[in-house]
Amino acid sequence: MRAVTGWHGAVVVTGTDTGVGKTVVTAAIAAAAQAAGLRVAMVKPGQTGTATGEPSDADVVTRLADPATVRTIASYPEPLAPLAAARVAAAEPLELYAAVDAVREEADKHDLVLVEGAGGLLVPMGLRPSGEPWTIADLAVSLGAPAVVVSRAGLGTLNHTALTLEALERRAVPAGVMLGAWPAEPELVHWANLSELVPTMVGAVPDGAGTLEPGVFRRSAPGWLTPALYGVLDDWRAWADETS
């Protein structure tokens, strides 16, 4: 594989909660990395809510970024945490090392493998061979992978982000923060939160980015990300001036 200068291999995309924009962030990273010439895979260990008829996370990433490989390991009908959804469906829970092996298999064939979690960092994803639940944090540790933490821009984000980063630091998992939906008309709380989060940030995706036409999304994505994620955003002050 080619030499790469940003994060490479397996990178976990997690969040402070559900609905924070993990899937669009995953697509943005995939688009920027591909624009930089990388071969990219997206792996979704546990997809839930398939009975709702909504596009899956893999569908969204495919439409927006069209990575070389998009793979879902396990799917469950109910929109619950993956382990709970497996139990409700009387299905086999996803085993931790099956997920590890699947990600490593893709890492052997790609420069970057984006592993999108479900909900927040400590949501139960499946079971270990011992029968104990495992989380996306456990998967990051097993893979030796860094994490992108997707956070909200508004009120409450500082506490949720700090808790998630602390949990990752305790596990020696390197992490950077991305805002999943920066508002078109930011208010004081958004600017205040941004100033606190900038030292840890690796990008910010504008609200509504997931509704963009795919070609526009792919051309725009590098401008939302720092060079660590194959973007061109290297001056937050200039970015703030442009945004305001």
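Both backbone and side-chain heavy atoms feed into the values below; hydrogens, waters and symmetry mates do not.
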Checklist entry - Does V40 share a hydrophobic cluster with V13, counting links as ILVMFWY side-chain heavy atoms below 4.5 Å and allowing steps through other members? => result yes
Item to check | E213, CD atom: more than 12 neighbouring heavy atoms under 6.0 Å | outcome: yes
Checklist entry - Looking at A31 and A65, what are the two nearest heavy atoms and their distance? => result N-CB, 3.9 Å
Checklist outcome for this item: When rounded to the nearest 0.5 Å, the distance separating OH of Y76 from CD of Q47 is 11.0 Å
Item to check | Nearest non-hydrogen partners of P227 and L233, listed with the distance | outcome: CD-O, 3.4 Å
Next on the checklist: Is the shortest side-chain heavy-atom distance between L112 and I29 below 4.5 Å?
Outcome noted: yes
Checklist entry - If only atom types and distance count, is the side chain of R63 paired as donor or acceptor with the main-chain N or O of G210 below 3.5 Å? => result yes
Checklist entry - Are V61 and V150 linked, directly or through other ILVMFWY residues, by side chains that come within less than 4.5 angstrom of each other? => result no
Item to check | Qualifying side-chain hydrogen bond (donor to acceptor under 3.5 Å, both in side chains) pairs, either residue in residues 119-128, two or more places apart | outcome: R128-D138
Next on the checklist: To the closest 0.5 Å, what do you measure between CH2 (W239) and OG1 (T226)?
Outcome noted: 12.5 Å
Checklist entry - For E106 and R71, which heavy atoms make the closest approach, and how far apart are they? => result OE2-NH1, 2.8 Å
Next on the checklist: What I'd like to find out is whether the side chain of W7 reaches to under 4.5 Å of the side chain of L229, using heavy atoms alone.
Outcome noted: yes
Next on the checklist: Do V20 and V12 sit in one hydrophobic cluster, given that two such residues count as connected whenever their side-chain heavy atoms are within less than 4.5 Å of each other, even indirectly?
Outcome noted: no
Next on the checklist: Side chains of L127 and L83, heavy atoms from C-beta outward: is any pair under 4.5 Å?
Outcome noted: yes
Checklist entry - Is a donor on one side and an acceptor on the other found under 3.5 Å between the side chain of R218 and the backbone of A32? => result no
Checklist entry - Hey, mind stepping through L139 and T135 against side-chain contact (heavy atoms from CB on, under 4.5 Å) and telling me if it holds? => result CA-CA 6 Å; L139 183 58; T135 68; over 6 Å; no
Checklist entry - Can you list every pair that meets side-chain hydrogen bond (donor to acceptor under 3.5 Å, both in side chains) and has a residue in residues 77-105, with sequence neighbours left out? => result none
Checklist outcome for this item: Heavy atoms of A99 and L94 approach each other most closely as CB-CD2, 4.2 Å
Next on the checklist: I'd like to know if V149 and L158 are part of one continuous hydrophobic network [Ile/Leu/Val/Met/Phe/Trp/Tyr, side-chain heavy atoms within less than 4.5 Å].
Outcome noted: yes
Checklist entry - How about T48 and L80: do any of their side-chain heavy atoms sit closer than 4.5 Å? => result no
Checklist entry - Do M42 and T26 pass the side-chain contact (heavy atoms from CB on, under 4.5 Å) test, and can you show the C-alpha distance, the side-chain angles, and the key distance before you say yes or no? => result CA-CA 8 Å; M42 179 268 199; T26 300; 3.8 Å; yes
Checklist outcome for this item: Contacts of D17 meeting salt bridge (charged side-chain N to carboxylate O under 4.0 Å, His left out) (sequence neighbours excluded), chain-then-number -> R152
Checklist entry - Is it true that a side-chain atom of E187 and a backbone atom of H190 form a donor plus acceptor pair closer than 3.5 Å? => result no
Checklist entry - Side chain of T72, backbone of A74: donor and acceptor closer than 3.5 Å? => result no
Next on the checklist: So which atom in L96 and which in S142 form the shortest heavy-atom distance, rounded to 0.1 Å?
Outcome noted: CD2-OG, 4.0 Å
Checklist entry - Do the side chain of S220 and the main chain of F217 share a donor and acceptor less than 3.5 angstrom apart? => result no
Item to check | For the student: nearest non-hydrogen atoms of V24 and A209, plus distance | outcome: CG1-CB, 4.1 Å
Checklist outcome for this item: Rounded to the nearest 0.5 angstrom, the CG-CG distance for D234 and L225 is 12.5 Å
Just list the side-chain donor-acceptor pairs under 3.5 Å for residues 160-184, sequence neighbours left out, or say none.
{"unit_1": "H160", "atom_1": "ND1", "unit_2": "G156", "atom_2": "O", "d": "3.4"}
{"unit_1": "T161", "atom_1": "OG1", "unit_2": "S151", "atom_2": "OG", "d": "2.9"}
{"unit_1": "T161", "atom_1": "OG1", "unit_2": "T157", "atom_2": "O", "d": "2.7"}
{"unit_1": "T161", "atom_1": "OG1", "unit_2": "T157", "atom_2": "OG1", "d": "3.3"}
{"unit_1": "T164", "atom_1": "OG1", "unit_2": "H160", "atom_2": "O", "d": "2.9"}
{"unit_1": "R171", "atom_1": "NH1", "unit_2": "A167", "atom_2": "O", "d": "2.9"}

Checklist outcome for this item: Taken in chain and number order and not counting sequence neighbours, the residues that satisfy ring-ring contact (aromatic ring centres under 6.0 Å, His included) with W134 are none
Checklist entry - Do S56 and D59 have side-chain N/O donor and acceptor atoms under 3.5 Å apart? => result yes
Next on the checklist: Less than 4.5 Å apart, side chain to side chain, heavy atoms only: is that true for W224 and P206?
Outcome noted: yes
Would you be so kind as to tabulate the donor-acceptor pairs closer than 3.5 Å made by side chains of residues 114-124, with sequence neighbours excluded?
{"unit_1": "E116", "atom_1": "OE1", "unit_2": "T23", "atom_2": "OG1", "d": "3.4"}
{"unit_1": "E116", "atom_1": "OE2", "unit_2": "T23", "atom_2": "OG1", "d": "2.6"}
{"unit_1": "E116", "atom_1": "OE2", "unit_2": "K44", "atom_2": "NZ", "d": "3.4"}

Next on the checklist: Test of understanding: clusters of I, L, V, M, F, W, Y form through side-chain heavy atoms closer than 4.5 Å, transitively. Do I136 and V43 belong to the same one?
Outcome noted: yes
